[in-house]
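Notes for the one structure printed next.
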Amino acid sequence: MDKRKIYIDENGKSQFDFTKAQSVFEPHVLANMYGEFLSDVDFVIEEDNQIVLMEYKNACVPGTENPEALYQKVQSNNEKFWKIIAKKFYGTMFLVWAAGRNVSDKKVKYVLLIETTPLIDSVLKKRLKEKMMSLLPFKYKQEGEIKREVITGFEIMDLQEWRKEYPDYSVSIAEG
């Protein structure tokens with residue numbers, strides 16, 4: 001298990017403190033070994049009762065080039081963008097199971113923590129969540145062949161919602 005629990009995002013802009021998590025798994029190196037086939041979320045956070053897969057998208061931090069590009073992808077219902085976000089779940093869950101990270105079969109929640117502009121309101125988030133729900137494996141719940149609950153929830157959150165739902169895991173501007 002990885003002993004460090006404070007991470008900097010791949011762009012070096014944001015810092016995540018997961019000190020209070022049971023464990024944190026960053027599947028990026030493993031996914032890149034077969035990057036043509038696997039995508040990954042930024043962090044897999046293990047808690048007492050669930051696993052949280054967190055993908056972080058931020059266009060609001062100082063120094064971000066073209067912050068409107070992310071907003072355009074999000075609001076335009078860009079099919080390619082949303083399929084990439086869904087693919088990150090599938091690739092990550094393969095790695096979670098292959099690495100023996102959820103042997104006790106904890107619930108799995110996928111969170112897209114997205115910070116762009118105030119233009120992403122609750123109505124747009126609801127529409128986007130419905131889009132993602134159709135791309136993620138929620139239908140497996142009805143299949144008799146599938147013995148595990150593959151996913152229990154999906155949320156699109158902004159930083160304020162993240163802080164309310166996950167107060168133990170702070171996100172701040174990276175120093176340095």
Side-chain angles (χ1 to χ4, degrees), residues 1-58 74 80-115 125 128-159 161-171 174:
M1 296 258 174
D2 189 353
K3 299 289 186 228
R4 9 169 242 143
K5 291 187 180 175
I6 296 179
Y7 295 84
I8 305 296
D9 78 315
E10 60 196 350
N11 298 316
K13 305 279 187 189
S14 299
Q15 178 177 298
F16 300 85
D17 184 344
F18 300 123
T19 305
K20 295 181 180 175
Q22 253 185 1
S23 70
V24 180
F25 176 45
E26 199 174 12
H28 191 66
V29 171
L30 293 174
N32 277 347
M33 292 174 78
Y34 298 96
E36 183 178 348
F37 305 104
L38 293 175
S39 292
D40 61 303
V41 300
D42 293 307
F43 305 106
V44 178
I45 308 153
E46 183 181 4
E47 299 182 312
D48 291 336
N49 60 348
Q50 72 177 346
I51 305 286
V52 178
L53 279 63
M54 191 253 269
E55 175 64 16
Y56 180 64
K57 298 289 184 196
N58 192 335
V74 168
K80 183 178 177 185
F81 174 77
W82 293 106
K83 285 182 178 178
I84 289 169
I85 298 298
K87 186 178 175 187
K88 289 174 178 280
F89 173 84
Y90 291 99
T92 299
M93 284 311 298
F94 169 79
L95 293 170
V96 165
W97 286 330
R101 293 251 174 196
N102 193 13
V103 293
S104 61
D105 204 18
K106 294 178 180 181
K107 294 180 181 220
V108 177
K109 186 174 185 180
Y110 185 14
V111 175
L112 176 58
L113 176 55
I114 190 162
E115 291 293 308
K125 277 194 233 175
L128 299 174
K129 181 178 178 178
E130 288 171 4
K131 172 74 174 166
M132 280 301 296
M133 299 285 283
S134 72
L135 298 174
L136 294 170
F138 287 100
K139 292 178 188 172
Y140 280 153
K141 289 180 180 180
Q142 291 90 28
E143 291 297 318
E145 289 295 317
I146 304 298
K147 304 301 180 206
R148 301 177 102 172
E149 189 170 27
V150 180
I151 185 170
T152 55
F154 171 76
E155 295 294 331
I156 297 176
M157 297 181 176
D158 60 28
L159 197 52
E161 292 164 324
W162 174 265
R163 287 179 177 139
K164 184 177 178 182
E165 183 75 21
Y166 299 100
D168 289 340
Y169 310 132
S170 68
V171 180

Open item on the list: Could you report the tightest heavy-atom contact between Val108 and Val150, atom names first, then the distance?
Closed with: CB-O, 3.7 Å
TODO: Test Ile151 against Tyr140 for side chain to side chain contact (heavy atoms under 4.5 Å, CB included), laying out the working first.
DONE: CA-CA 9 Å; Ile151 185 170; Tyr140 280 153; over 6 Å; no
TODO: Just jot down the salt bridge (charged side-chain N to carboxylate O under 4.0 Å, His left out) partners of Asp48, sequence neighbours excluded, or say none.
DONE: none
- [ ] Under the side chain to side chain contact (heavy atoms under 4.5 Å, CB included) rule, collect the residues that match up with Tyr34, sequence neighbours excluded.
- [x] Phe37, Leu38
Open item on the list: I'd like to check Ser23 versus Phe25 (side-chain heavy atoms, cut-off strictly below 4.5 Å). Are they in contact?
Closed with: no
Table please: side-chain donor-acceptor pairs of residues 84-100 below 3.5 Å, with sequence neighbours left out.
| unit_1 | atom_1 | unit_2 | atom_2 | d |
| --- | --- | --- | --- | --- |
| Lys88 | NZ | Asp40 | O | 3.4 |
| Tyr90 | OH | Leu135 | O | 2.8 |
| Thr92 | OG1 | Val41 | N | 2.8 |
| Thr92 | OG1 | Lys88 | O | 2.7 |

- [ ] Name all residues meeting the side chain to side chain donor-acceptor pair (under 3.5 Å) criterion together with Gln15; count only those two or more places apart in sequence or in a different chain, and write none if there are none.
- [x] none
Task: Arg163: side chain to side chain donor-acceptor pair (under 3.5 Å) partners, not counting sequence neighbours - done: none
TODO: Keeping the roles fixed (side chain from Trp162, backbone from Tyr169), state whether a donor-acceptor pair exists under 3.5 Å.
DONE: yes
- [ ] Identify, with sequence neighbours excluded, every residue that meets side chain to side chain contact (heavy atoms under 4.5 Å, CB included) alongside Asp42.
- [x] Glu10, Glu55, Tyr56
Task: Enclosure of Lys141 NZ (heavy-atom neighbours >12, cutoff 6.0 Å) - done: yes
TODO: First locate atom CZ of Phe18, then atom CE of Met54, and finally report the distance between them rounded to the nearest 0.5 Å.
DONE: 4.0 Å
Open item on the list: Less than 6.0 angstrom separating the ring centers of Tyr110 and Phe154, yes or no?
Closed with: yes
Task: Partners meeting side chain to side chain contact (heavy atoms under 4.5 Å, CB included) with Gln50 (sequence neighbours left out) - done: Glu47, Val52, Lys107, Lys109, Tyr166
Task: Whether Lys106 side chain and Glu46 backbone form a donor-acceptor pair below 3.5 Å - done: no
Task: Non-neighbouring partners of Lys139 that pass side chain to side chain contact (heavy atoms under 4.5 Å, CB included), sequence neighbours left out - done: Gln142
Task: Rounded distance [0.5 Å steps], OH in Tyr7 versus CZ in Phe43 - done: 7.5 Å
TODO: Not counting sequence neighbours, which residues clear salt bridge (charged side-chain N to carboxylate O under 4.0 Å, His left out) with Asp17? List them please.
DONE: none
Task: From CZ (Phe16) to CD1 (Ile45), nearest 0.5 Å - done: 9.0 Å
- [ ] Applying side chain to side chain donor-acceptor pair (under 3.5 Å), name anything that partners Glu161, two or more places apart in sequence or on another chain.
- [x] Lys125
Open item on the list: I'd like to check the side chain to side chain donor-acceptor pair (under 3.5 Å) partners of Ser170; sequence neighbours left out, ordered by chain and number.
Closed with: none
TODO: Using salt bridge (charged side-chain N to carboxylate O under 4.0 Å, His left out) as the criterion, list what pairs up with Lys129, not counting sequence neighbours.
DONE: Glu155
